[in-house]
Amino acid sequence: MQNAYQIAVFPGDGIGPEITAPTVEILQSLADAAPDYALHFAEAPAGAGHYRDTGTALPASSLALARASDAILLSAMGLPDVRYPDGTEITPQIDLRMELSLFAGVRPVTLRPGQPGPLTLPPGKTIDFVLIRESTEGLFFTKGRGEVTNTEARETLRITRDTSEKLFRFAFDLAARRKASGRGKGRVTCVDKANVFRAFAFFRKIFEEEAARHPDLTADHAYVDAMALWMVQRPWDFDVLVTENMFGDILSDLGAGLMGGLGMAPSADIGLDHAVFQPCHGTAPDIAGQGLANPFAMLLSAAMMLDWLGDKHDNDGLRRDGNRLRQAVEQVIAEGAALTRDLGGTAGTRAAADAVARALSLP
Ligand code: ATP
C-alpha cells in the first residue's frame, strides 16, 4: 500500500508497557478500518530496564529502527533505582532528541469546560495554548558531562543561532496554522530571562528577527518567572509560547498541572525529519504494574502523531483519525464514567482505554 507508515514503538519502563499496549491496539484498529492509510508497528527495546539487563540504555538497533521509521511512539523511560555509575538517571528519550535533532518539544495545554482541573474557568474561557520547549541544547547541553569537583560544579547553557532560527520558524508556523484553523489568536510569546542573561538576550534577538517575517502575527516576550505566574492567573490569554529547554521542562509540568495532572498531558518532540510522540509524564514507578495508570496522555500523544503524519504526507485519513482519537478522549473525560484514580475516578488503565475505543466505535 502506498500510504503505509512504519511506527517505531518504545514501550519503555514502569507504566510504559501498560499504556503502550492499549494505545497501539487502538491505533491498529483505526488503521485497519481506514481506507486511506496503513500503520505497521515495530517494537524498539530501550530504557532503564534494558540498561539493567544488557548494559545498554539505547541499543544501536533501536536507534536505527527509530531513524528508519516514519514516526516514533514512546511511553516513558527511567527507573529511580537504576542509574549510570555517575548517579544520573537513564534517559534514552533525551538521547533520542539529541540524536535525531528533535529541537521542538511541543506541549499542548488545554482545559475545556467539564474537564477536571485545579482552575475554575471564567465564563466563556477555555485554556488552549501550546508550549514549545527547545529540546536539544539550552541548559541540557552538558547533560551527563557537567564538571564536578569537591568545591564546584558547572553545567553550560548553550543557545545556537541555527537551532533557535529553526525553533522560532516552527513556533511562528504553528501559530499561523492555529490562526488559520480558527483555533489560535495568532500570538507567539518568547519566554526567556533576557533581563539577566546575555544568552537569553541573544535568544530574544533571533526571535525578533523571525517575528519581523510575520507581520500578520503578534509577537511578544515574557520573563520566565512572570510566565509561571500568568500561566496560573490568566492562561486563557496565551496561544504559542516558545522557550529554552530547562524553562520548558519546568513550565510544561506546570501546564500539565493546569490540565488536571500529568496523566492528561501529551507531547511531541519534532525535528525537520523525525518526530517522537510521548506523554509528558514519567514512568510512575509508584503505580507501575498495577493497571492503574491513566492512558489518556499517551492516547493524546498518539493523536498528535496521526496529525503530524497527516500533515507531513498530506493524508486526510490520518488527520481525520487524529481528530477522532482526540475527540474520543475528550468525550470520555467529559462523560466522567471511565476516569482513572489520578482524575478522581476508579477505572483502571484498560477500562479507560476501552471507553475510548467504544467512543470511536472500534471493535
Ligand atoms: P520524570 O522525571 O521521568 O518525568 P517523575 O518521577 O518526575 O518522572 P512521574 O513518573 O511522571 O514523575 O510521576 C509523578 C507522579 O505522577 C507520580 O505520583 C505518578 O504516579 C503520577 N503519574 C505520572 N503519570 C501518570 C499516569 N499516566 N497515570 C497516573 N498517574 C501518573
Side-chain angles (χ1 to χ4, degrees), residues 10-24 26 46-52 57-58 73-84 87-97 105 107-109 115-118 131 133 135 139-140 143-144 245-269 276-304 329 332-333 336 338-356:
F10 288 77
D13 300 305
I15 60 168
E18 297 166 54
I19 55 174
T20 302
T23 302
V24 170
I26 287 175
H50 197 74
Y51 175 78
R52 184 188 50 214
L58 177 60
L73 186 65
L74 192 151
S75 58
M77 294 182 192
L79 292 171
D81 51 340
V82 184
R83 305 253 171 172
Y84 288 120
T88 58
E89 285 180 33
I90 315 288
T91 52
Q93 66 279 30
I94 301 181
D95 302 333
L96 264 181
R97 283 176 208 156
R107 314 287 165 92
V109 179
Q115 184 176 331
L131 176 70
R133 163 191 177 185
S135 297
L139 194 51
F140 282 64
K143 183 186 92 67
N245 205 345
M246 180 62 111
F247 291 165
D249 187 28
I250 297 165
L251 290 182
S252 59
D253 270 29
L254 176 49
L258 295 176
M259 296 175 75
L262 280 167
M264 292 298 304
S267 82
D269 290 305
V276 171
F277 299 84
Q278 176 193 10
C280 282
H281 60 72
T283 57
D286 50 337
I287 57 165
Q290 301 175 47
L292 296 174
N294 181 347
F296 293 160
M298 182 79 181
L299 287 164
L300 292 169
S301 305
M304 288 176 77
V329 174
V332 171
I333 292 165
L339 303 182
T340 44
R341 256 186 4 183
D342 54 311
L343 298 180
T346 55
T349 308
R350 189 39 80 172
D354 285 351
V356 173

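Just follow the structure's listing: the first ligand is 1, and inside any ligand the first atom is 1. Numbers here are sequence positions counted from 1.
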Fill in the blank from the handout: Correct closest heavy-atom pair for Ala338 and Ala351 would be CB-O, 4.2 Å
Problem - salt bridge (charged side-chain N to carboxylate O under 4.0 Å, His left out) contacts in which one or both residues fall within residues 248-266, not counting sequence neighbours - result: Arg133-Asp249
Practice task
Specify the closest pair of heavy atoms between Gly49 and Leu79, including all atoms of both residues, with the distance to one decimal.
Solution key: N-CD1, 4.1 Å
Practice task
Return the protein residues near ligand 1 (heavy atom under 4.0 Å from any of its atoms), ordered by chain and residue number.
Solution key: Ile15, Leu262, Gly263, His281, Gly282, Thr283, Ala284, Asp286, Ile287, Ala293, Asn294, Asp342
Completion exercise
Rounded to the nearest 0.5 Å, the CE atom of Met298 sits from the CD1 atom of Ile26 at a distance of 11.0 Å
Practice task
Quick one: closest heavy-atom pair of Thr349 and Pro295, and the distance?
Solution key: O-CG, 3.7 Å
Handout entry: Least distance between heavy atoms, Glu18 atom then Gln290 atom
Key = OE1-N, 3.8 Å
